[in-house]
Engineer: 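Pasting in a structure now, in structure tokens, and then I'll have a few things to ask.
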Amino acid sequence: MMLRKLGEADAFAYRDVRLFALRESPTAFGASYEQESAMMGDAFIAHYRARVVEPAGFVIGAFEVDGSLVGTAGLFFNAGLKSQHKALLWGIFVRPSARHQGLASRLVAAVILAARAIPGLEQINLSVVSTNENAIRLYLAAGFKCYGCEPRALRVDGIAHDENLMSLDLRPTQVRNF
Ligand SMILES: CC(C)(COP(=O)(O)OP(=O)(O)OC[C@H]1O[C@@H](n2cnc3c(N)ncnc32)[C@H](O)[C@@H]1OP(=O)(O)O)[C@@H](O)C(=O)NCCC(=O)NCCS
């Protein structure tokens with residue numbers, strides 16, 4: 001399995017995986033299949049550029065030897081002057097056929113490694129539905145800590161889901177009190 005950042009040429013492979021993910025795991029993501037699948041052609045490319053590729057952020061993809069995209073992990077940068085030190089981990093997904101081989105752990109580790117090289121980036125935040133125990137274990141193992149819970153953060157098919165809010169401090173330990 002090869003891991004690399006997605007580029008412009010990966011737009012439609014990403015779209016296939018992303019729409020599969022939104023349909024397969026509707027409660028795992030804040031975005032909805034209905035809204036993302038409605039973005040086609042130029043609207044989708046505009047969305048891809050604004051969300052998925054640099055400089056907006058990046059998505060690391062896991063590719064099989066035949067070139068098919070089977071997993072993703074994204075980092076989205078905050079543009080605001082007062083929030084540029086924070087980024088959002090999002091879009092963590094591994095196709096069912098590739099699960100339980102450590103791929104999500106590798107993807108999250110690759111995002112964190114790339115994030116550590118970004119000057120001024122101090123913190124990665126994420127939100128995860130409170131009942132998604134597999135994903136929570138994965139984030140805890142990567143060093144994220146839970147700092148809160150948003151009640152009824154998502155409503156899917158009429159059912160409300162709470163979300164755990166988690167954060168990873170990227171600063172060296174000696175400066176953490178500032
Ligand atoms: C959550 C998700 C990304 C995990 O992907 P994954 O690639 O299976 O994750 P990993 O393989 O790194 O870890 C999963 C488990 O497999 C275990 N594992 C890792 N390598 C293994 C191996 N070689 N053999 C057996 N098990 C293994 C891990 O220890 C882990 O076990 P745990 O859940 O008991 O801690 C995937 O299930 C998914 O896409 N789910 C739907 C979308 C989702 O929930 N995304 C998160 C949104 S916040």
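The figures here come from the full heavy-atom set of this structure, side chains too, leaving out hydrogens, waters and symmetry mates. FYI, the numbering just counts along the sequence from 1. First listed ligand is number 1; within each ligand, the first listed atom is number 1. These numbers come from a predicted model, not from an experiment.
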Engineer: I'd like to know if D10 pairs up with R4 as an ion pair, taking the criterion as any Lys NZ or Arg NE/NH1/NH2 lying under 4.0 Å from an Asp or Glu carboxylate oxygen.
Structural biologist: yes
Engineer: Tell me whether the NZ or CZ atom of R51 lies within the 45° cone about the ring axis of F76 and under 6.0 Å from its centre.
Structural biologist: yes
Engineer: Where is the nearest protein heavy atom to atom 19 (C) of ligand 1: which residue, which atom, and how far?
Structural biologist: G102 N, 3.3 Å
Engineer: Which is it for S25 and ligand 1 at heavy atoms under 4.0 Å: side chain, backbone, both or neither?
Structural biologist: side chain
Engineer: What protein heavy atom sits nearest atom 45 (N) of ligand 1, and how far off is it?
Structural biologist: I92 O, 2.8 Å
Engineer: Examine the proximity of ligand 1 to R99 and report which part, side chain or backbone, both or neither, has a heavy atom under 4.0 Å away.
Structural biologist: both
Engineer: Does atom 31 (O) of ligand 1 have any protein heavy atom closer than 4.0 Å?
Structural biologist: no
Engineer: Using side-chain heavy atoms (C-beta onward) and a distance below 4.5 Å, is E122 in contact with K86?
Structural biologist: no
Engineer: Hey, is atom 28 (C) of ligand 1 touched by any protein heavy atom at less than 4.0 Å?
Structural biologist: no
Engineer: Does some side-chain heavy atom of M39 sit less than 4.5 Å from a side-chain heavy atom of Q35?
Structural biologist: no
Engineer: Measure N132 to ligand 1 on non-hydrogen atoms and call it side chain, backbone, both or neither using the 4.0 Å cut-off.
Structural biologist: side chain
Engineer: Could you check which of A141, S105, A98 puts a non-hydrogen atom nearest to atom 12 (O) of ligand 1?
Structural biologist: S105
Engineer: For the pair S37 (side chain) and Y33 (backbone), establish whether a donor and an acceptor sit closer than 3.5 Å, ignoring hydrogens and angles.
Structural biologist: yes
Engineer: Answer yes or no for R18 and F29: cation-pi contact, defined as NZ/CZ to six-membered ring centre under 6.0 Å and angle to ring axis within 45°.
Structural biologist: yes
Engineer: Among Y139, F29, W90, F93, which one has a heavy atom closest to atom 48 (S) of ligand 1?
Structural biologist: Y139
Engineer: Using modelled atom types only, decide if a donor and an acceptor are shared between the side chain of N78 and the backbone of G80 within a distance under 3.5 Å.
Structural biologist: no
Engineer: Which ligand 1 atoms does A28 reach within 4.0 Å, using its non-hydrogen atoms?
Structural biologist: 42 (C), 43 (C), 44 (O), 47 (C)
Engineer: Is Y48 reaching over with its side chain to a backbone N or O of G7, donor-acceptor style, under 3.5 angstrom?
Structural biologist: yes
Engineer: Considering only the protein, which heavy-atom contact is closest to atom 21 (C) of ligand 1, and what is its distance?
Structural biologist: H100 O, 3.2 Å
Engineer: Just which atoms of ligand 1 are under 4.0 Å from any heavy atom in L103?
Structural biologist: 7 (O), 11 (O), 12 (O)
Engineer: Find all atoms of ligand 1 within a distance of less than 4.0 Å from any non-hydrogen atom belonging to N134, and give their numbers and elements.
Structural biologist: 33 (O)
Engineer: Please write down residue, atom name and distance for the protein heavy atom closest to atom 39 (O) of ligand 1.
Structural biologist: V94 N, 2.9 Å
Engineer: Would you check the N or O atoms of R137, main chain and side chain alike, for any that come under 3.5 Å of an N or O of ligand 1?
Structural biologist: yes
Engineer: Would you call S105 and L138 a side-chain contact if the rule is heavy atoms closer than 4.5 Å?
Structural biologist: yes
Engineer: If you define the side chain from C-beta out and look only at heavy atoms, does anything of I124 sit under 4.5 Å from F144?
Structural biologist: yes
Engineer: A104 to ligand 1: N or O pair under 3.5 Å?
Structural biologist: yes
